[in-house]
Amino acid sequence: MNKIVSPNSLAAARSLTEQIIKWIDEDGELDFNIAISGGSSPVILFHVWHELFLKEIDWQRLQFFWVDERCVDPRDSESNYGMTKKILFDHVPIPPNRIHRVFGEIDAGFERERYTKLVLSHVPTSHGIPVFDLVLLGIGDDGHTASIFPNKMSLLTSTQIYAVAVKPGSKQERITLTGAVITHAKHVVFFVTGESKAEILFDIFEGNKIAEGYPAYQIAKSCNDALFYLDSNAGRLLTYP
Ligand code: 6PG
């Protein structure tokens with residue numbers, strides 16, 4: 001696990017974007033397949049992509065998928081696709097057929113199956129597991145990532161590619177990538193900003209016992225080289241060489 005800490009969230013977003021552009025350039029394949037998360041953290045990243053790097057990103061080579069999606073209508077304020085469309089897709093030259101949204105408005109079980117087949121037909125696989133070029137993750141205040149919550153650690157090792165998950169509390173259904181697929185990606189990045197994540201990140205980087213119960217920790221330690229792009233607020237408690 002490596003961390004790249006920037007003074008603020010804008011600097012962290014720029015730093016990560018510069019690295020992603022390098023990965024896209026290095027990747028000789030036609031398609032660069034990205035699975036993105038939702039929530040609030042990626043908002044600044046998506047703004048940076050179209051406001052500061054519109055010309056530098058080779059949009060025609062990107063294909064977008066979701067790490068997880070809430071089972072709601074795409075027009076719902078909770079929709080990860082709806083948020084990303086408003087902030088990013090409406091402002092960049094990506095062909096619509098290269099944006100593969102989860103149909104959050106239909107039956108979760110049916111959509112899980114449909115989306116799994118769609119991803120398998122678009123993303124190269126290794127031993128039957130899709131290998132995304134980049135999986136972009138956030139971390140919840142409870143240590144969840146994707147929609148793998150601490151009360152359902154079995155999704156870390158599930159043989160399903162996408163699973164139906166339920167958010168504790170709200171009981172909102174989600175469609176989520178499972179742990180083994182995430183850790184198979186060429187690049188796994190956690191983009192984490194804000195003071196509220198400092199304690200979680202401290203537990204993760206210290207390998208504290210409590211972190212064992214965080215899906216984010218389990219994913220990070222199972223990856224060859226998970227990268228954490230942080231702002232100084234989120235990285236406040238971490239030690240530096
Ligand atoms: C989602 C995300 C989820 C998110 C974390 C962090 O659909 O909510 O995919 O895994 O990354 O909950 O959320 P914030 O970025 O809003 O803190």
Side-chain angles (χ1 to χ4, degrees), residues 8-10 12-13 16 34-49 64-74 76-88 100-105 108 111-112 115 119 132 134-153 155-156 158 162-179 181-183 185 188-204 211 213-220 223 226-231 233-236:
N8 53 56
S9 55
L10 174 61
L16 173 53
I34 306 180
I36 54 175
S37 287
S40 56
S41 300
V43 167
I44 190 159
L45 192 60
F46 298 157
H47 273 295
V48 160
W49 286 0
F64 280 88
F65 304 85
W66 269 263
V67 168
D68 62 331
E69 178 61 280
R70 294 84 179 272
C71 293
V72 296
D73 187 281
D76 188 301
S77 61
E78 279 278 297
S79 168
N80 287 335
Y81 164 77
M83 174 272 285
T84 315
K85 179 180 186 303
K86 199 162 56 193
I87 294 177
L88 179 63
H100 305 286
R101 76 173 181 92
V102 176
F103 293 167
E105 66 273 30
E111 178 54 10
R112 184 204 71 76
Y115 201 67
V119 166
F132 288 101
L134 170 62
V135 169
L136 186 59
L137 299 171
I139 299 183
D141 293 345
D142 60 355
H144 82 259
T145 191
S147 284
I148 303 175
F149 296 98
N151 69 343
K152 196 74 190 267
M153 300 293 269
L155 290 181
L156 291 168
S158 166
Y162 279 89
V164 177
V166 177
K167 185 177 188 328
S170 68
K171 301 284 181 250
Q172 183 186 63
E173 283 190 311
R174 305 277 185 94
I175 306 291
T176 185
L177 265 184
T178 54
V181 182
I182 294 171
T183 56
V188 177
V189 172
F190 289 87
F191 183 73
V192 187
T193 60
E195 170 69 33
S196 70
K197 307 294 172 69
E199 297 275 344
I200 289 259
L201 287 165
F202 174 72
D203 289 329
I204 287 172
Y214 296 158
Y217 174 69
Q218 296 297 339
I219 293 270
C223 292
L227 297 179
F228 286 73
Y229 277 80
L230 312 174
D231 71 353
N233 286 334
R236 180 174 64 81

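We count ligands from 1, going down the list as the structure has it; atoms in each ligand are counted the same way. Index from 1, following the sequence.
Side-chain atoms of Ser37 come within 3.5 Å of backbone atoms of Leu136 as a donor-acceptor pair (strictly under, hydrogens ignored).
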N/O pairs closer than 3.5 Å, ligand 1 and protein:
{"unit_1": "ligand 1", "atom_1": "7 (O)", "unit_2": "Asp68", "atom_2": "OD2", "d": "3.2"}
{"unit_1": "ligand 1", "atom_1": "7 (O)", "unit_2": "Arg70", "atom_2": "NE", "d": "2.9"}
{"unit_1": "ligand 1", "atom_1": "7 (O)", "unit_2": "Asn80", "atom_2": "ND2", "d": "2.9"}
{"unit_1": "ligand 1", "atom_1": "8 (O)", "unit_2": "Arg70", "atom_2": "NH2", "d": "2.8"}
{"unit_1": "ligand 1", "atom_1": "9 (O)", "unit_2": "Gly38", "atom_2": "N", "d": "3.3"}
{"unit_1": "ligand 1", "atom_1": "9 (O)", "unit_2": "Asp68", "atom_2": "OD1", "d": "2.6"}
{"unit_1": "ligand 1", "atom_1": "9 (O)", "unit_2": "Asp68", "atom_2": "OD2", "d": "2.9"}
{"unit_1": "ligand 1", "atom_1": "10 (O)", "unit_2": "Ala146", "atom_2": "N", "d": "3.4"}
{"unit_1": "ligand 1", "atom_1": "10 (O)", "unit_2": "Ala146", "atom_2": "O", "d": "2.6"}
{"unit_1": "ligand 1", "atom_1": "12 (O)", "unit_2": "His144", "atom_2": "NE2", "d": "2.6"}
{"unit_1": "ligand 1", "atom_1": "15 (O)", "unit_2": "Ser40", "atom_2": "N", "d": "3.4"}
{"unit_1": "ligand 1", "atom_1": "15 (O)", "unit_2": "Ser41", "atom_2": "N", "d": "2.9"}
{"unit_1": "ligand 1", "atom_1": "15 (O)", "unit_2": "Ser41", "atom_2": "OG", "d": "2.5"}
{"unit_1": "ligand 1", "atom_1": "16 (O)", "unit_2": "Ser40", "atom_2": "N", "d": "2.8"}
{"unit_1": "ligand 1", "atom_1": "16 (O)", "unit_2": "Ser40", "atom_2": "OG", "d": "2.7"}
{"unit_1": "ligand 1", "atom_1": "17 (O)", "unit_2": "Lys197", "atom_2": "NZ", "d": "2.6"}

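In summary, of the residues considered (Leu177, Ile175, Thr84), a side-chain contact (heavy atoms from CB on, under 4.5 Å) with Trp66 occurs for Thr84 alone.
Ion pairing between a basic and an acidic side chain is recognised when a charged N comes within 4.0 Å of a carboxylate O; Arg101 and Glu69 show no such pairing.
Smallest separation of non-hydrogen atoms from Thr178 and Tyr162: CG2-C, 4.4 Å.
Listed by chain and residue number, nothing satisfies the salt bridge (charged side-chain N to carboxylate O under 4.0 Å, His left out) test with Glu173 (two or more places apart in sequence, or in another chain).
If you look at Phe190 and Phe228, their ring centroids are closer than 6.0 Å.
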